[in-house]
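Beneath this line is the structure, given in structure tokens, with notes to follow.
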Amino acid sequence: MGKVVDSSIFRVKMFDVEKYERARCKVCGADFWSKIPRDNCNDAPCADYTFFDIKLGTSPLTVKEVRDKFLRFFNERGHTIIDPHPVVARWRDDLYLTIASIVVFQPHVTSGLVPPPANPLVIAQPCIRLEDIDSVGYTFGRHLTNFIMGGHHAFNYPNERVYFTHETVEYAKEFFTKEIGIPEEELTFKESWWEGGGNAGPCFEVAVGGLEIATLVFMMYDVTPEGYREMPLKIVDTGYGIERIAWLTQKTPTAFHAIYGYLVPKYHKLLNVSEPPEDLLKVAVKYVGRLNPKNPKLFELLKKNVSIELGMSLEEVSAYLDRTIKLYALLDYVKTAMLLLSDGVVPSNSGEGYLARLVIRRILRLLNVLGSDATLIHDLFDNQIKYWVDLYPQVRGKEAYIHDVLDHEVRKFNESLSKAPSLIRRYVVKGAKGLSEDELIELYDSHGIPPEVIADLSRELGVEVSVPEDFYNKLAARHSRAPVKKVVKSKIPEYVVTEVAGLPATKALFHEDPYVKEFTAEVVKVIKNYVVLDRTAFYPEGGGQEGDSGVLIVDGRKFKVVDTQKVGSVVIHVLEDSMPADYVGRRVVGVIDWDRRFNLMRHHTATHIILGVARKVLGSHVWQAGAEKTPLRGRLDITHYKSVSEEELKQIEELANKVIVEGREVKVHYMPKYEAEKRYGFVLYEGGVVLEPVIRVVEIEGLDAEACFGTHLKNTREVGALKIVKVERIADGVVRFEYVAGTQVSAYAQELESKIKKAEEVVGGDLNLRIPSLIKELETLKNKLNTYRKLYFNELKKSMYSELRSLGSVRYLVKYLADVEEELLKEVLQELTAENPDAVLIVATPRKAGGVNLEISEGRKASEVIKANELFKQVLTVFKGRGGGKADHATGYVEVENHVELIEVLESLLKNVLKA
RNA sequence: GGGCCGGUAGCUCAGCCUGGAAGAGCGCUCGGCUUGCAACCGAGAGGUCCCGGGUUCAAGUCCCGGCCGGUCCA
């Protein structure tokens, strides 16, 4: 299905009533609505920035004031105010960042699975978008990596309409004209199309004086691999640019001045960047609307225009602007990184942590380019934290963590930079005449050395390197398309899934009482060895807990259950052998393998304990990055930015055992989604996202609360004991714990004991005593061996030397040695040839596969007369074999059993060569 | 999750393309020079060439698999 835009949706009532005209932009060709006639759509880059000249009916507003006005305006019109969510979208597994306010409600609300927390509602949501990261600064604040999106949303169900296009446009007009005081004739509504987070729909882009200040989306489609599919819900999804509106009212030369206030001069001072005169910025910003960040030539043109208009030299304009826009980018990047770190992101080389590292690396690179020390980053953050802590309360209390992480990142960055000179030298030498584009890209892609650093360093080496303008595009081309997301393969065959899909939900006895070991039920469906019952105590695989095994008994006949899975809320028992199809309707007794299940439960509850304890010991940036529970052991990956110290590990294990001994209650309660999120926060979704209105919360009092499907113990005491058996860093920023609980602790100890016992049997006694003495013994033997080896070495050398016979300009030796260590022989030959440049030494030794190994070794002078490899070739004309080498050394094998014959042949060959 | 780069002496690395006897600088030990230090000169010790297979007469080098680290991109 293709895009279906019925343009009648854009004919809203207000345009009729207020006499708006529909027109087409002469630059971009888009259709738009305006009260007065216009040539263009009034939006950058089709129009210059003219909003500075518009007289507004309000005084300048700060970001916070705009936000509050926005929330109040919609609240007064029946919208419930919703608290903003984190900038890291932990409630979603298809998205790392909160890129829009609607993301907060996707996909659980937009799909219709869960009702919205209120309807209609309004939210001021901090968002992060990194796709325009390269443009930040150049456009004086039109592009930012973080911003607050003011969104008012209405969710229209087929049987419950709230409001849609007409009211949305009316609200926009009213808000902008009455609250912000924009004259109505300055407003334009451009027809467009929006897509994001799996949904799409037509939209209006609202602009004033070249600046887009809001997008009004009418979300109507799901984006599927097959195309657009109409949604049952019709959703009003609006995005008001809070920062842009503040800029508009303040009329500062850049959005950065409006957003960051006193931080702008402060950063100029800290970074030692001169502030451009105000008229320079004011002149420049007019042209900024026309900038296309992908075309750097436009920026050069801008500078030229400014220099002409001000009568200032181009060099002076460049000197001001080039550095200042980098400073603007820093303001934005630092705030984005601050928000990411405040939400507990741990920088890493993969996953969401990479996004944090990406931003921090940009900051460090800009500091480098501006000639500041990397450690200045701490000051940059401190100032922003102070400035923003009121508007973003989540930053409070995170200062220590942020600085610790920054320290770590600065160190890593410096380490990779310190490797740069030698790496570049290697490439420069290789390439001779400089660095090719490919090499430039490889240096960045594989070693993280930014192109500007490469250019600097190679210049020092006397090689000019030019960085191509489209460097990052070329880099992108190197990374092939992102692979299609792997579809998790069901362990149940497709035909079973479809047959089972329509069945009523299986009653989950394992949830009602996780201690049920035996139960009776009725057979509902049989497909070969796949059996569905009306109720079951068999736990189906999920939430990182393996499915149960056990036995089903029908009329005394036993069927072994090897696995349990679920399709939707239907539980499928996987049998070893098929069950007769006519068993449907019969009574069945189910018995689960309780030993196995109880071990699973202990490891599952233990996993929650360790996670809770790790957060306490290491910090609130610790999130679950993966987990697995088997009957034998548990495994938990957490995010953490350094390796866990011995001390911390001990603390975690001790605290976990304390929690076990204390006997804390493990409570399971069902709770409305929004209430649970409010009470516990998004730590709930450690184990995965839950798309249901009511969620099952497993809570260990005062330690941990997670949305979890698994079976848990009633009390932590039942875990018995816990031992962490392994800790490793599986990726930068991710630490893996492996641990055993309950009876497995003893099993683990037994295993250790038997290992030690076996080892002690081998060494004969206490390991702690025997190993040092064995090492000593080994040393003594080594020394002795060395003594004898040296003796033999000298003997062999001496005897070989005495056997040298003169022949022309060389002295030679041909010898068969039956028992000699290969290494030792080589050493003797090397020394002899080094000391006797005229020596030609040929030694044959026995070869396991038959025949002999032949080694020809020559001194420097001798090798000029007779080339060892050529001599070998001649040997091979007489005997079968293979071999080769170089002038002073050749090796190989020869198929000959009679050594005397071999030696005779060699001697005659030698003589022949020397004669010729 | 994927691409790329790397793993050789205590450290920084060369050698790998094109297979043929394991290298350099720094550091270390000893000696010389010097009032002493630094520098300098001389000698020496120091190696699981990440691991496992394969190809080959021969593998640090080529091929396959794995481990570890780095880095870029989702």
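These figures come from a predicted structure and were not determined experimentally.
Going from atom CG of D445(A) over to atom P of C4(B) covers 10 Å, rounded to whole Å.
Under 4.0 angstrom from either OP1 or OP2 of C68(B) there lies no side-chain N or O belonging to R729(A). OP1 or OP2 of C72(B) lies within a sub-4.0 Å distance of a side-chain N or O belonging to R361(A).
Within the 4.0 angstrom heavy-atom criterion, only backbone atoms of the sugar-phosphate kind lie near L358(A); the bases stay farther away. Base engagement by K826(A) is indicated by at least one non-hydrogen atom pair under 4.0 Å involving a base atom. D888(A) comes within 4.0 angstrom of a nucleotide base, judged by non-hydrogen atoms across all strands.
Atom NZ of K419(A) sits about 12.0 Å away from atom CG of N414(A), to the nearest 0.5 Å.
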Report task. Step by step, work out the side chain to side chain contact (heavy atoms under 4.5 Å, CB included) result for V734(A) and R729(A). Result -> CA-CA 6 Å; V734(A) 184; R729(A) 235 178 51 123; over 6 Å; no
Requested in this report: Mind running side chain to side chain contact (heavy atoms under 4.5 Å, CB included) on E686(A) and L611(A) for me, showing each step along the way?
Outcome: CA-CA 9 Å; E686(A) 293 278 11; L611(A) 181 58; 3.8 Å; yes
Extract from the structure each pairing of a protein N or O with an N or O of nucleotides 49-59 of chain B at less than 3.5 Å, listing the distance.
{"from": "C57(B)", "atom 1": "OP1", "to": "R882(A)", "atom 2": "NH1", "distance (Å)": "3.2"}

Pick out the pairs of N or O atoms, protein on one side and nucleotides 12-18 of chain B on the other, that lie under 3.5 Å.
{"from": "A14(B)", "atom 1": "OP1", "to": "R426(A)", "atom 2": "NH1", "distance (Å)": "2.4"}

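Between H408(A) and Y641(A), the ring planes lie perpendicular to each other; the angle is over 60°, past the 30° to 60° tilted range. Ring geometry for H85(A) versus F682(A): interplanar angle of 30 to 60°, hence tilted.
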Listing, residues 872-893 of chain A side-chain donor-acceptor contacts under 3.5 Å, not counting sequence neighbours, or none:
{"from": "T877(A)", "atom 1": "OG1", "to": "Q874(A)", "atom 2": "O", "distance (Å)": "2.4"}
{"from": "H889(A)", "atom 1": "NE2", "to": "E855(A)", "atom 2": "OE2", "distance (Å)": "2.8"}

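Between the R129(A) side chain and the I99(A) main chain, a donor and an acceptor come within less than 3.5 Å of each other. Judged by distance alone, the side chain of N199(A) and the main-chain N or O of V223(A) form no donor-acceptor pair under 3.5 Å.
Counting only N and O atoms by type, the side chains of N349(A) and R357(A) include no donor and acceptor under 3.5 Å apart.
Side-chain proximity of Y96(A) to A21(B), U71(B), A74(B): nearest is A74(B). The S857(A) side chain lies nearest to A21(B) when the options are U71(B), C5(B), A21(B). When each of U71(B), A21(B), G3(B) is scored by its nearest atom to the side-chain atoms of S416(A), the top-ranked nucleotide is U71(B). In this structure, the nucleotide among U71(B), C68(B), G20(B) sitting nearest to the side chain of H889(A) is G20(B).
With hydrogens and angles ignored, no donor-acceptor pair under 3.5 angstrom links the side chain of N349(A) to the base of G70(B).
Stacking here means ring centres nearer than 5.5 Å and ring planes tilted less than 30 degrees, and by that measure H447(A) does not stack onto G70(B).
Nucleotides A22(B) and A59(B) are separated by 11 Å at their P atoms, to the nearest Å.
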